[in-house]
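No experiment lies behind these values; they were computed from the predicted model shown.
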Amino acid sequence: MTATTDDKYLVPALQRGLELLGQFNRTTPTLTGADLARSMGLPRASVFRILHTLERSGFVERVGDSTSYKLSIGVLRLGFEFLASMELTEYGRPVIEQLRDSSGYSAHLVVRDGRDVVFVVKAAGRSALFHSIQVGARLPAHATVLGRLLLSDLDMAALKTLYPETPLPTYTDKTPTTLAQLKTLIDADRANGFGLSQGGFENGISTIAAPVFNQQHQVVAAISITVPAQQVAPELAKVLVSHVQSAAAQLTERLSHFQKPSST
């Protein structure tokens, strides 16, 4: 929720500190006090005090002997504590591990953060190729089959708000460049109940994914496996899709706390 100037409960110093932490990202992993003062529109003295406080608290640190700062382990610790506290990860981890065991391939649980797909649980398969995909890794939602499933609750108006620019950022020749193309892919995956990408985002890698729903039948996550192949044979794909859909259905059931009646 966006705070207003008449919000009597707002703590301005804390708000500025959180905004400062948000200035660090993948494209600007290190920033100087001058950089931060300029981007935030604050006096350098104010920024220095915020940086000093965050440094003492373990959330930022200096880069060597330079005047630049970077995020420190305190931010990472908070991130992992958040993931560990999520009901989704608690229920999802055994499901993902079982999917890895039944399919033989690396399995993942992902959620959407704005325009990004974020990996929150992983179970590495036999192939060492995917051991480098770590919890917390991000991929562009519009360019991946995982993202298309996670975007499937959004109508065209919501997609336009999320992606106001044209064309959309391109990663491969299979990346949709317009919202119309993206919406067509999203609708097709939702109708199928799964998504299959064969070399669509990275050469030599195929991804099979299925959505996870909450009690309101809203997509809250996606489960996937990664196959080290540019193409998956139709017979194998059919089997693997079944494994992934079964895992997604199992996690959906766990999240809804709904126990199916036993068959007689």
Visitor: Val117 and Arg138: side chain to side chain contact (heavy atoms under 4.5 Å, CB included), yes or no, with the steps?
Guide: CA-CA 5 Å; Val117 172; Arg138 291 173 176 260; over 6 Å; no
Visitor: Do NZ/NE/NH1/NH2 and the carboxylate oxygens of Arg112 and Asp116 come within less than 4.0 Å?
Guide: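 Salt bridge: no.
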Visitor: Looking at every heavy atom in both Arg16 and Met40, which two are closest together, and how far apart are they?
Guide: O-CE, 3.5 Å
Visitor: Working to the nearest 0.5 angstrom, can you tell me the gap between Leu36 CG and Leu42 CG?
Guide: 9.5 Å
Visitor: Check Thr207, Leu196, Leu150 against Val145 for a side chain to side chain contact (heavy atoms under 4.5 Å, CB included) and give me the one that passes.
Guide: Thr207
Visitor: Rounded to the nearest 0.5 Å, how far does OG1 of Thr32 lie from CZ of Arg62?
Guide: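 The CZ atom of Arg62 sits 11.0 Å away from the OG1 atom of Thr32.
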Visitor: Salt bridge check: are Asp187 and Arg190 linked by an N-O gap of less than 4.0 Å?
Guide: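 Salt bridge: no.
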Visitor: Kindly say whether Asp35 contributes a backbone atom to a donor-acceptor pair with the side chain of Ser39 at under 3.5 angstrom?
Guide: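 Yes; at least one donor-acceptor contact below 3.5 Å.
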Visitor: For the pair Ser57 (side chain) and Phe59 (backbone), establish whether a donor and an acceptor sit closer than 3.5 Å, ignoring hydrogens and angles.
Guide: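 Absent.
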Visitor: Going by the angle between their ring planes, with limits at 30° and 60°, are Tyr171 and His142 parallel, tilted or perpendicular?
Guide: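 Aromatic pair Tyr171/His142 classed tilted.
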Visitor: I want to check something: taking the side chain as every heavy atom from C-beta on, are Gln23 and Leu31 in contact at a cut-off of under 4.5 Å?
Guide: yes
Visitor: Compare all side-chain heavy atoms of Leu168 with those of Thr178 and state whether any distance is below 4.5 angstrom.
Guide: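 No, too far: nothing below the 4.5 Å cut-off.
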Visitor: With a 4.5 Å limit on heavy-atom distance, are the side chains of Tyr69 and Thr30 in contact?
Guide: no
Visitor: Is a donor on one side and an acceptor on the other found under 3.5 Å between the side chain of Thr28 and the backbone of Phe24?
Guide: no
Visitor: For a quick test of reading the model, state the closest non-hydrogen atom pair linking Ser72 to Glu61 and the distance between them.
Guide: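 Closest pair (atom of Ser72, atom of Glu61, distance): OG-OE1, 2.7 Å.
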Visitor: Out of curiosity, Arg49 CZ to Leu54 CG, how far, rounded to the nearest 0.5 Å?
Guide: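 One finds 13.0 Å between CZ of Arg49 and CG of Leu54.
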Visitor: Is there a donor-acceptor pair closer than 3.5 Å between any side-chain N or O of Asp153 and the backbone N or O of Val219?
Guide: yes
Visitor: Any side-chain heavy-atom pair from Ile223 and Val95 closer than 4.5 angstrom?
Guide: yes
Visitor: Got a second to check how far Leu179's CG is from Leu154's CG, nearest 0.5 Å?
Guide: 10.5 Å
Visitor: Using the salt bridge (charged side-chain N to carboxylate O under 4.0 Å, His left out) rule, take Arg115 and Glu165 through it: C-alpha gap first, then chi angles, then the decisive distance, then the call.
Guide: CA-CA 13 Å; Arg115 293 161 54 129; Glu165 75 275 22; 2.6 Å; yes
Visitor: Quick check on the hydrophobic clustering: are Val60 and Val63 connected, directly or via other members, by side-chain heavy-atom contacts under 4.5 Å?
Guide: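 No, Val60 and Val63 fall in different hydrophobic clusters.
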Visitor: Do Thr177 and Leu182 come within less than 4.5 Å of each other through their side chains, counting heavy atoms only?
Guide: no
Visitor: Kindly write out the residues that satisfy side chain to side chain contact (heavy atoms under 4.5 Å, CB included) with Val220, not counting sequence neighbours, or none if the list is empty.
Guide: Val212, Asn214, Leu255
Visitor: Would a hydrophobic clustering, with Ile, Leu, Val, Met, Phe, Trp and Tyr connected at side-chain separations under 4.5 Å, put Leu151 with Leu146?
Guide: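 In one cluster with Leu151: Leu146, no.
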Visitor: Show me the side-chain donor-acceptor pairs of residues 238-246 shorter than 3.5 Å, one per line, residues at least two apart or across chains.
Guide:
unit_1: Gln245; atom_1: NE2; unit_2: Gly193; atom_2: O; d: 3.2

Visitor: Side-chain contact test, heavy atoms from C-beta onward, threshold under 4.5 Å: evaluate it for Phe194 versus Pro211 and give yes or no.
Guide: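 Contact flag for Phe194/Pro211 side chains = no.
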Visitor: Considering all heavy atoms of both residues, which atom of Val232 and which atom of Ala237 are nearest to each other, and what is their separation?
Guide: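 Reported closest heavy-atom pair: CG1-N, 3.7 Å.
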Visitor: Can you find a pair of side-chain heavy atoms, one from Pro94 and one from Arg254, that are under 4.5 Å apart?
Guide: yes
Visitor: Please find the pair of heavy atoms, one from Thr226 and one from Pro228, that lie closest to each other, and give the distance.
Guide: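 In terms of heavy atoms, the two residues are closest at O-CD, 3.9 Å.
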Visitor: Nearest 0.5 angstrom please: His52 NE2 to Arg56 CZ, how far?
Guide: 5.0 Å
Visitor: Should Ile208 and Leu185 be regarded as members of a common hydrophobic cluster, given that ILVMFWY residues are connected when their side-chain heavy atoms come within less than 4.5 Å of each other, either directly or indirectly?
Guide: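 No.
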Visitor: Has the side chain of Thr170 got a donor or acceptor atom that lies under 3.5 Å from a matching backbone atom of Thr172?
Guide: no
Visitor: In terms of hydrophobic clustering (I, L, V, M, F, W, Y; side-chain heavy atoms under 4.5 Å; direct or indirect links), are Leu149 and Phe119 co-clustered?
Guide: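 No, Leu149 does not connect to Phe119 through the hydrophobic network.
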Visitor: Assess the side chains of Ser102 and Gln98: does a donor N or O sit below 3.5 Å from an acceptor N or O?
Guide: no
Visitor: Specify the closest pair of heavy atoms between Ser152 and Ile186, including all atoms of both residues, with the distance to one decimal.
Guide: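 For Ser152 and Ile186, the tightest heavy-atom pair comes out as CA-CG2, 3.5 Å.
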Visitor: Does any part of the side chain of Val120, heavy atoms only, come nearer than 4.5 Å to the side chain of Val110, both counted from C-beta?
Guide: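 Heavy-atom side-chain distance check fails, nothing below 4.5 Å.
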Visitor: Rounded to the nearest 0.5 Å, how far does CD of Glu55 lie from CZ of Phe48?
Guide: 8.5 Å
Visitor: Between Pro169 and Thr175, what is the shortest heavy-atom contact and its length?
Guide: O-CG2, 3.4 Å
